[in-house]
S.K.: 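Right, I'll just put the structure down here and ask away after.
Counting starts at 1 for both ligands and their atoms, following the listed order. Count residues from 1 along the sequence.
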Amino acid sequence: MLQGEFGEILEMFRNSFPLSFLFFIPIFIIISPVSPVNAAHEFAIYRMQQFDLQGSQFGCKSSLINMEARPIDAKILTRRCIVAKLTDVTISKYRDLISQNAGGLLILLPQNLSALTEENKQHLQSLERDLLLEENGVMPVYFAWETPELIAVYDDINSATAGDQAATAVEALFNSASANGFQMVISGSQAKALSEFQITNIQGHLSGFGIEEQLPTIVVVAHYDAFGIAPGLSTGADSNGSGVVALLELARLLSKLYTNSRTHAKYPF
Ligand SMILES: *[C@@H]1O[C@H](CO)[C@@H](O)[C@H](O)[C@H]1NC(C)=O
Ligand SMILES: *[C@@H]1O[C@H](CO)[C@@H](O)[C@H](O)[C@H]1NC(C)=O
């Protein structure tokens, strides 16, 4: 989860294995402006994950982009890579992009998610959930942190879409010739499904005193996986990294106490 808890969806995944994930490590996009004065720029991006859940496919299917950058409200979206800020994107806009055959979507995330307003946090949470629950998206969706270079590109393409709104063909031609074109290119190959992967569970046990079967067992659990729209961005600090840290410390302390008969508790852990 990029922001806060995501219990409902996490539970859904927890309870419905097996599922298969697609390859999702960050890759780079190179922007090569048509203007030869500006150099190409590379930056890390995070792919929206794809997974199969009980036969249905979720997330974005393809991963390759080699197309011109456009703002989300441009008139011509077909085979274009849409570059949008988080607040520009809504689930209905996303469906719009799909229906107009947009080639890809790059969502720019503010550098400091903790500083988002309450309203924007909620927007991010519901967008994340809605995008993940959309079935069969074919358009590649990526996330990147807002950097001065990306903001400059965003501003440029937003001011350069006049061609789309031009009243006459000549005007449109003139605008497109004078406008900055940005080509978005993904390095690397098409994402591949992970056919075999292992999920490891770690368990520890401390024996109780006396007749163990008659004593209640105390179970302390935490989970060390996190779930989110882009796994590379889902740190899971509070779901459940902090729980794992507490559990490991508890195991360390209890195993010490259990080695001494005076401090050994009655119950099995
Ligand atoms: C991010 O925002 C939070 C809340 O406004 C602030 O406490 C924190 O220092 C910021 N972090 C950075 C790295 O700017
Ligand atoms: C961590 O996960 C456990 C269950 O797996 C839950 O009881 C606990 O509240 C979680 N803690 C945090 C901080 O999310």
Side-chain angles (χ1 to χ4, degrees), residues 1-21 24 26 41-46 49 51 53-54 58 84-89 106-133 142-155 197-206 208 215-255 257-258 265 267-269:
M1 185 58 191
L2 303 182
Q3 262 288 320
E5 263 301 341
F6 203 175
E8 198 181 308
I9 292 201
L10 187 66
E11 280 318 307
M12 174 177 128
F13 287 100
R14 229 168 253 305
N15 296 332
S16 41
F17 281 94
L19 68 165
S20 60
F21 288 95
F24 44 58
H41 173 63
E42 284 194 8
F43 56 97
I45 47 171
Y46 300 87
Q49 64 169 299
F51 46 89
L53 189 62
Q54 292 164 341
F58 295 85
K85 286 190 182 177
L86 174 65
T87 43
D88 301 339
V89 187
L106 175 67
I107 301 177
L108 305 182
L109 295 172
Q111 291 276 356
N112 188 352
L113 290 180
S114 320
L116 287 183
T117 62
E118 206 41 52
E119 193 187 340
N120 285 343
K121 272 183 194 165
Q122 297 220 335
H123 172 69
L124 175 58
Q125 281 182 16
S126 53
L127 183 69
E128 187 175 16
R129 187 176 46 231
D130 293 349
L131 286 179
L132 276 174
L133 293 177
Y142 286 95
F143 296 85
W145 296 113
E146 282 179 4
T147 59
E149 292 84 3
L150 284 178
I151 293 297
V153 170
Y154 174 85
D155 290 343
F197 54 92
Q198 280 194 328
I199 294 171
T200 313
N201 281 316
I202 302 167
Q203 294 182 26
H205 178 258
L206 293 167
L215 293 169
T217 301
I218 298 169
V219 181
V220 188
V221 292
H223 53 95
Y224 68 107
D225 53 342
F227 191 80
I229 192 154
L233 295 173
S234 310
T235 49
D238 240 1
S239 174
N240 194 246
S242 57
V244 173
V245 170
L247 184 56
L248 289 175
E249 180 60 6
L250 203 58
R252 188 184 71 81
L253 291 174
L254 285 175
S255 57
L257 294 175
Y258 270 59
Y267 300 108
F269 255 98

S.K.: So, Glu146 side chain and Gln111 main chain: donor-acceptor pair closer than 3.5 Å or not?
M.R.: no

S.K.: Between the main-chain N or O of Lys85 and the side-chain N or O of Asp88, is there a donor-acceptor pair closer than 3.5 Å?
M.R.: yes

S.K.: Would you give the length of the straight line joining atom CZ of Phe43 to atom CG of Leu106, rounded to the nearest 0.5 angstrom?
M.R.: 5.0 Å

S.K.: Which atom pairs, nitrogen or oxygen on both sides, join ligand 1 and the protein at under 3.5 angstrom?
M.R.:
from     : atom 1 : to     : atom 2 : distance (Å)
ligand 1 : 2 (O)  : Asn112 : OD1    : 3.4
ligand 1 : 2 (O)  : Asn112 : ND2    : 2.4
ligand 1 : 11 (N) : Asn112 : ND2    : 2.8
ligand 1 : 14 (O) : Asn112 : ND2    : 3.3

S.K.: Applying ring pair (Phe, Tyr, Trp, His ring centres under 6.0 Å), can you list everything that pairs with Tyr258, at least two apart in sequence or on another chain?
M.R.: His264

S.K.: So for ligand 2, is Ser239 a polar contact partner (N or O within less than 3.5 Å, distance only)?
M.R.: no

S.K.: Is the shortest side-chain heavy-atom distance between Tyr267 and Pro216 below 4.5 Å?
M.R.: yes

S.K.: I'd like to check which ligand 2 atoms, numbered from 1 as shown, lie under 4.0 Å from a non-hydrogen atom of Ser242.
M.R.: 13 (C)

S.K.: Within the 4.0 Å heavy-atom shell around Asp238, which atoms of ligand 2 are there?
M.R.: 12 (C), 13 (C), 14 (O)

S.K.: So, does His205 use its side chain to make a donor-acceptor pair with the main chain of Pro268 at under 3.5 Å?
M.R.: no

S.K.: Any side-chain to backbone donor/acceptor pair from Ser126 onto Gln122? Under 3.5 Å, distance only.
M.R.: yes

